[in-house]
Amino acid sequence: MGLGRSLSNLLLTTAFFCTAICAEAQSGSTSENEKTSGSRPLAWVKSLMHRLDSSAVTKVDARYIEVPQRAWRVILRPKMSDIDVVSDNENILSAMESIHIKMDLNTRPMASLGVWVGYRGLGFSYAYKLQKNGGTNFSLSSTGAKFGLNMRLHDLSTDRAHLLFEGMSEGKSIKGMDEDVRFTKAIKVSTFYLNGYYVFNGRRYSQAAAYNQSVIQRRSAGSFLLGATVFTSMVEMAEKENAFILEMGKCPGRFSLGQINVGLGYGYNWVPARGWVVNAMVMPTISVYDRIKRTHFTSNYTVLTDPTTLPHVGDYGTWDPEKRQWANGEKQQPVLVEGNGENEWEVKEWKEDVDLWETHTDSHASAFKLNVDARLGVAYCWNRFFVSANGQFNRFSYGQENNKVTNVDWYVNTSFGIRL
């Protein structure tokens with residue numbers, strides 16, 4: 001999918017940094033053959049580094065922004081992050097019949113430890129989980145006086161969710177469940193975030209000063225920012241081990257989200273004392289493209305939560321995966337799922353011959369959803385060293401009135417860095 005292609009592009013970008021480091025290391029003494037074979041890529045990298053050095057100085061007001069002589073930075077980043085996904089669907093069959101299904105993935109904040117490496121405004125980082133189901137986080141950034149680009153890949157997993165299943169039958173309200181459930185196989189959540197922005201007052205205000213310390217803000221200043229964001233997310237639950245929960249909640253086994261947003265915001269850097277900077281930025285955005293795609297699955301078992309409703313059909317025999325039916329001709333066999341007394345529902349007896357297959361997909365497109373991008377950061381620099389703490393909050397809403405998903409993505413970083 002798109003995430004895979006994006007990862008390939010990231011690997012190419014990572015190669016630039018590796019080549020740049022090699023260029024620095026080999027700049028002293030090399031043989032004539034080495035110069036001939038490696039001159040082109042090393043010359044290209046050195047040329048790019050020279051352009052980054054010159055543009056970093058010439059495009060800013062030195063009274064407000066200081067460009068450090070040491071261009072390389074290495075940062076150690078302990079991090080907390082989370083993705084909260086809520087799917088809310090209502091299927092109105094008629095004036096007397098309707099089904100309402102709401103699922104909230106109970107992901108928990110993920111602790112990770114990452115390393116960030118950068119030259120001037122270019123940088124990349126990789127963070128690895130410090131706890132079960134934590135996943136990984138990969139980011140790439142490019143910041144200048146006028147423009148900035150940030151990209152982030154994030155994946156995690158969770159085995160918990162809250163399911164609400166209710167509806168109306170023959171004009172009467174019915175409530176199936178409103179409980180926490182535990183998935184046997186963890187749900188996989190992956191996101192792709194790409195954000196670009198333009199800084200109107202880039203000569204005096206730097207968005208990067210509080211976040212990657214490529215420059216140092218010397219005086220307080222602010223600026224309007226024009227931004228655009230691409231955000232995609234995929235939730236994968238379609239595993240045989242989860243078949244009973246999917247049947248019980250009548251929820252799709254997989255759904256993917258895609259959205260493009262544009263917005264106008266304002267950022268401000270406050271410099272209370274030498275070496276310090278406090279940044280705040282808020283950008284309301286409007287979606288110009290919004291799409292949800294759901295993939296539905298069914299199983300050879302149907303789930304019941306009331307023992308008195310079990311039908312008396314007799315022996316179902318063995319399951320035929322080719323014909324997708326039981327030996328007695330039935331398509332589904334009922335299985336009982338009961339509460340465990342702790343407000344959670346679990347399968348009473350697991351079946352080894354569970355089968356799960358895709359039945360159909362549906363997609364919904366819309367636009368003009370109001371979202372928000374908010375960031376807050378503080379940093380302190382002295383000599384070659386710096387420390388900082390910063391966070392980002394994004395809220396994305398998808399779909400229409402009866403078919404919608406809300407995705408909240410946030411993180412908090414602490415950074416300990418050195419200039420080289």
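Counting from 1, the numbers follow the sequence of the chain as shown.
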Are W382 and Y380 an aromatic pair by the rule of ring centers under 6.0 Å? yes

Please determine, by modelled atom types, if R77 and S415 share a side-chain donor-acceptor pair under 3.5 angstrom. yes

Nearest 0.5 Å please: distance from the CD atom of E322 over to the CZ atom of R324. 8.5 Å

Is there a donor-acceptor pair under 3.5 Å between the side chain of T406 and the backbone N or O of S397? no

Polar side chain donor-acceptor pair, Q392 to N394, under 3.5 angstrom: yes

Stepwise, does the side-chain contact (heavy atoms from CB on, under 4.5 Å) test hold for H296 with R294? CA-CA 6 Å; H296 300 268; R294 291 183 172 86; 3.9 Å; yes

Assert yes or no for the condition that the ring centre distance of F224 to F200 is strictly below 6.0 Å. no

Measuring from D155:CG to M110:CE, what's the distance to the nearest 0.5 Å? 8.0 Å

Any sub-3.5 Å donor-acceptor pair from E358's side-chain atoms to A238's backbone N or O? no

Quick check against the 3.5 Å criterion: does Q217 have a side-chain atom that pairs as donor or acceptor with the backbone of S206? yes

Would you check if the side chain of T285 reaches a backbone N or O of V262 as a donor-acceptor pair within less than 3.5 Å? no

Determine whether more than 12 heavy atoms belonging to other residues, nucleotides or ligands lie under 6.0 Å from atom CH2 of W410. yes

Decide yes or no for L225 and Y266: does some side-chain heavy atom of the first lie under 4.5 Å from some side-chain heavy atom of the second? no

Under the 6.0 Å and 45° cation-pi test, does R218 pair with Y64? no

Please round to the nearest 0.5 Å and tell me the distance separating atom CD1 of I187 and atom CG of N242. 7.0 Å

Are Y197 and Q207 packed together at the side-chain level, in the sense that at least one heavy-atom pair is separated by less than 4.5 angstrom? yes

Between R375 and D373 (salt bridge meaning N to carboxylate O under 4.0 Å), is one present in this structure? yes

Under the criterion side-chain hydrogen bond (donor to acceptor under 3.5 Å, both in side chains), which of N371, T229, D290, N195 is the partner of N261? N371

All heavy atoms of D84 vs all of L105, minimum pair found to be OD1-O, 3.3 Å

Keeping N413 on the side-chain end and A389 on the backbone end, is there a donor-acceptor pair under 3.5 Å? no

Point-to-point distance, once rounded to the nearest 0.5 Å, from CD1 of I286 to CZ of F368: 8.5 Å

Which of these passes side-chain contact (heavy atoms from CB on, under 4.5 Å) with S233: D409, V405, T191? T191

Ring centroid separation Y126 to F124 under 6.0 Å: no

Using atom types as modelled and distance alone, determine if a side-chain donor or acceptor of D104 lies under 3.5 Å from a backbone N or O of S87. no

Which pair of non-hydrogen atoms, one from S112 and one from A127, has the smallest distance, and what is that distance? OG-CB, 3.7 Å

Answer with yes or no whether the side chains of S125 and S139 bring together a donor and an acceptor at under 3.5 Å. yes

Side chain S299, main chain Y301, donor-acceptor under 3.5 Å: yes

Scanning both residues in full, the closest heavy-atom pair of A280 with L376 reads CB-CD1, 3.9 Å

Considering all heavy atoms, the nearest S388-N390 contact: OG-ND2, 4.0 Å

How far apart are the closest heavy atoms of N201 and G222, and which atoms are they? ND2-O, 3.1 Å

No-hydrogen, no-angle side-chain donor-acceptor test under 3.5 Å, D355 and N300: no

side-chain contact (heavy atoms from CB on, under 4.5 Å) between M103 and F255: does it pass, once the steps are laid out? CA-CA 12 Å; M103 180 181 66; F255 60 89; 3.9 Å; yes

If only atom types and distance count, is the side chain of S287 paired as donor or acceptor with the main-chain N or O of K369 below 3.5 Å? yes

Nearest heavy atoms of Y211 and G377, plus distance in Å: OH-N, 3.7 Å

Is R73 reaching over with its side chain to a backbone N or O of R120, donor-acceptor style, under 3.5 angstrom? yes

Think K79 forms a cation-pi with Y411, using NZ or CZ under 6.0 Å from the six-ring centre and within 45 degrees of its axis? yes

Check this for me, if you would: do R219 and D61 make a salt bridge, where the nitrogen-to-carboxylate-oxygen distance has to be below 4.0 angstrom? no

Give a yes or no answer on whether the side chain of R419 reaches the backbone of F386 with a donor-acceptor pair at less than 3.5 Å. no

Show the numbers, then the answer: is there a side-chain contact (heavy atoms from CB on, under 4.5 Å) between N212 and W116? CA-CA 9 Å; N212 65 30; W116 189 97; 3.8 Å; yes

Just wondering, are more than 12 heavy atoms of other shown residues or ligands nearer than 6.0 Å to NZ in K293? no

Could you go through I83 and V408, starting from their C-alpha distance and side-chain angles, then the distance that decides it, and tell me whether this counts as side-chain contact (heavy atoms from CB on, under 4.5 Å)? CA-CA 6 Å; I83 302 172; V408 174; over 6 Å; no

Interatomic distance, OG1@T143 vs CG@N150, rounded to 0.5 Å, equals 7.5 Å

Output, in order, the C-alpha distance, side-chain angles, deciding distance and verdict of side-chain hydrogen bond (donor to acceptor under 3.5 Å, both in side chains) for Y268 and N279. CA-CA 6 Å; Y268 189 79; N279 173 268; over 6 Å; no

Give me the ring orientation class for F231 and Y193: parallel if the planes are under 30° apart, tilted from 30 to 60°, perpendicular past 60°. perpendicular

What is the distance from atom CD1 of I418 to atom CG of L76, rounded to the nearest 0.5 Å? 12.0 Å

